[in-house]
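Predicted, not measured: the structure shown is a model, and the values here were computed from it.
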Amino acid sequence: MRLIYNVQDKPAWNHLILFAFQQVLAIMAATIAVPMIIGNGMSTAAAIFGAGMGTFIYILFTARKSPVFLGSSFAFIGSMNAAFAGAVSVQTGYVGLLFGALCAGLVYVILSFVVKSVGVDWVNKLMPPVVIGPTVAIIGLSLAGNAVGDLQTSSATGAPTQWAVLCGLVALFTTMLCSTYGKKGVKLVPFIMGILAGYIVAAILTFIGNSTGNAAMQITNFAPLQNITSLFAVPDFTFLKAFGAMGEVDAGYLGTVAVAYIPVAFVVFAEHIADHKNISSIIEHDLLSDPGLDRTLLGDGVGSIVGAFFGGCPNTTYGESVACVAITKNASVATIAVAAAECLIISFISPFIAFLSSIPACVMGGVCMALYGFISVSGLKMLQKVDLEKNKNLFVVSTILIAGIGGLSLTFGRVTITSIACALILGIIVNNLLANDPDLK
């Protein structure tokens, strides 16, 4: 892939701010979704701040060589729920969030030292293109239901409506047209153009719907914009809520939280490798070798701890960010760094948070169809050099795709092995089981 901006390139500041905001929009929906799902008073603004801080840490540890943004991890939703469920109070639950994130982050730190000692050759042998390619593909495909579900849903009523689909498709088609036919300036910000187009159409339809009493045309929920009480507000940081309850936790509760978080960290480790294999193929530089898997793990682990300290949510590398790099052909780490800075600033500006919250789900669903699709296509591109005439390779790929798309997951107590992790593990097993396939000799 020919990049317009390579990893070390620095676009002009007036462009950089806009490019970075596009990254913010790409990761925003998923980043704020996690605290909204968990509830218990968790702050979306704090999650945004935590994502920015975590990304800064990641950039530091990876020596500015990996153009990836970190955001709230969905894999830890069950663990976070367990932290609140076992707590004697909501405030104590926030202590559990901090301790759990610390445990999960330390797993990554320990793994980074292990990788530093033994190298990364084992990763390439364990997960060759025939395994990692379809795994990356299902990362995107597993999100397809979320994108389509959002595409059909009105944010004003919560009900599915054809007008919501229209707004989402306007956002999608605008993104595609700008990315394909736009001049250089427009070509680099297709998501901003798509979201703006979809937002405008949704606002017009909502105005008509409100005026005529047609609920189906009411798409945008303007309540966040109407509830602004101040220009600036300090986010409800997790550590501020947790510090007052530090003395209320006991060893039993902390042990329960550790058991809920630590196994999930090992599961997310597999997704970490898949994401970095994917971005490596896009920028045509093996990040597992340089700056090294040990440094990406260290950045992800420490970034996750720091991010959760502020926002409560353990962070992880985002496929949406990787897809944004692929579509815009902008792999500049400077863009990622400025996006992180924008998250820190935005989290304090109430009107901005309100505006982002008011973007209709259907509009983001339309844009995410492109984002998630590009993640899948990136994985399929890794299979181009794989000989699919061989039965062994066909079995490996088909096992991963069906297990991943079908949603195979395993739950042991409070620990859930996600469908992506299950598919990857099965792929590794099949690949090694059939390693002596006579057709490959």
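Other residues, nucleotides and ligands contribute over 12 non-hydrogen atoms within 6.0 Å of the CE atom of M127. Shown here is M246, whose CE atom has more than 12 heavy atoms of other residues, nucleotides or ligands within 6.0 Å. Around CZ of F207, the count of heavy atoms belonging to other residues, nucleotides or ligands within 6.0 Å does not exceed 12. Residue-environment remark: CE (M382) exceeds the threshold of 12 foreign heavy atoms within 6.0 Å. Within a 6.0 Å radius of NZ in K116, other residues, nucleotides and ligands contribute 12 heavy atoms or fewer.
Here the options are V68, T55, V7, N330, the test is side chain to side chain contact (heavy atoms under 4.5 Å, CB included), and the partner is I336; only T55 passes. Partner of F309 under the ring-ring contact (aromatic ring centres under 6.0 Å, His included) criterion, chosen from F239, F49, F237: F239.
In this structure F21 satisfies the ring pair (Phe, Tyr, Trp, His ring centres under 6.0 Å) test together with F352, sequence neighbours excluded. Residues passing the ring pair (Phe, Tyr, Trp, His ring centres under 6.0 Å) test with F222: none are found, sequence neighbours excluded.
Counting all heavy atoms, side chain and backbone alike, M364 lies closest to L25 at CE-O, 3.5 Å. When all heavy atoms of A156 and T220 are compared, the closest pair comes out as CB-O, 3.6 Å. Summarising the geometry of A308 relative to L98, their closest heavy-atom pair is O-CD2, 3.5 Å, with the distance given to 0.1 Å. Closest of all the heavy-atom pairs between S72 and C313 is OG-CB, 3.7 Å. When every heavy atom of F232 is checked against every heavy atom of S230, the shortest pair comes out as O-OG, 3.1 Å.
One side chain, H272 or T296, offers a donor N or O that lies under 3.5 Å from an acceptor on the other.
Ring geometry, Y5 versus F19: the interplanar angle falls from 30° to 60°, so the pair is classed tilted.
Side-chain contact between K10 and L16 is absent, with no heavy-atom pair separated by less than 4.5 Å. Contact check for P351 versus I349: side-chain heavy atoms found under the 4.5 Å cut-off. Within the 4.5 Å cutoff, the side chain of T316 has no heavy atoms near those of the L70 side chain. Contact of the S112 side chain with the R295 side chain is not registered, since no non-hydrogen atoms from C-beta on lie closer than 4.5 Å. In this structure, the side chains of I353 and I48 come closer than 4.5 Å at one or more pairs of heavy atoms. Within the 4.5 Å cutoff, side-chain heavy atoms of I283 are placed close to those of P67. Between M193 and T175, the closest side-chain pair of non-hydrogen atoms is not below 4.5 Å. The shortest distance between side-chain heavy atoms of V189 and T328 does not fall below 4.5 Å.
Aromatic pair F113/Y108: ring centres not closer than 6.0 Å.
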Exercise. Taking it one step at a time, do E320 and Y372 satisfy side chain to side chain contact (heavy atoms under 4.5 Å, CB included)?
Worked result: CA-CA 7 Å; E320 291 92 334; Y372 300 157; 3.5 Å; yes
For this session: Could you check T92 against E248 for side-chain hydrogen bond (donor to acceptor under 3.5 Å, both in side chains), going step by step and ending with a plain yes or no?
Result: CA-CA 7 Å; T92 307; E248 299 177 15; 3.0 Å; yes
Exercise. Stepwise, does the side-chain hydrogen bond (donor to acceptor under 3.5 Å, both in side chains) test hold for S43 with D236?
Worked result: CA-CA 6 Å; S43 167; D236 292 328; 5.1 Å; no
For this session: Evaluate the side-chain hydrogen bond (donor to acceptor under 3.5 Å, both in side chains) criterion for residues S358 and Y199: first the C-alpha distance (whole Å), next the side-chain angles of each, then the deciding distance (0.1 Å), finally the verdict.
Result: CA-CA 9 Å; S358 73; Y199 194 105; 2.8 Å; yes
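Side-chain atoms of N315 do not come within 3.5 Å of backbone N or O of D300 as any donor-acceptor pair.
Residue pairs meeting the side-chain hydrogen bond (donor to acceptor under 3.5 Å, both in side chains) criterion with at least one member in residues 19-41, sequence neighbours excluded, are Q23-S321.
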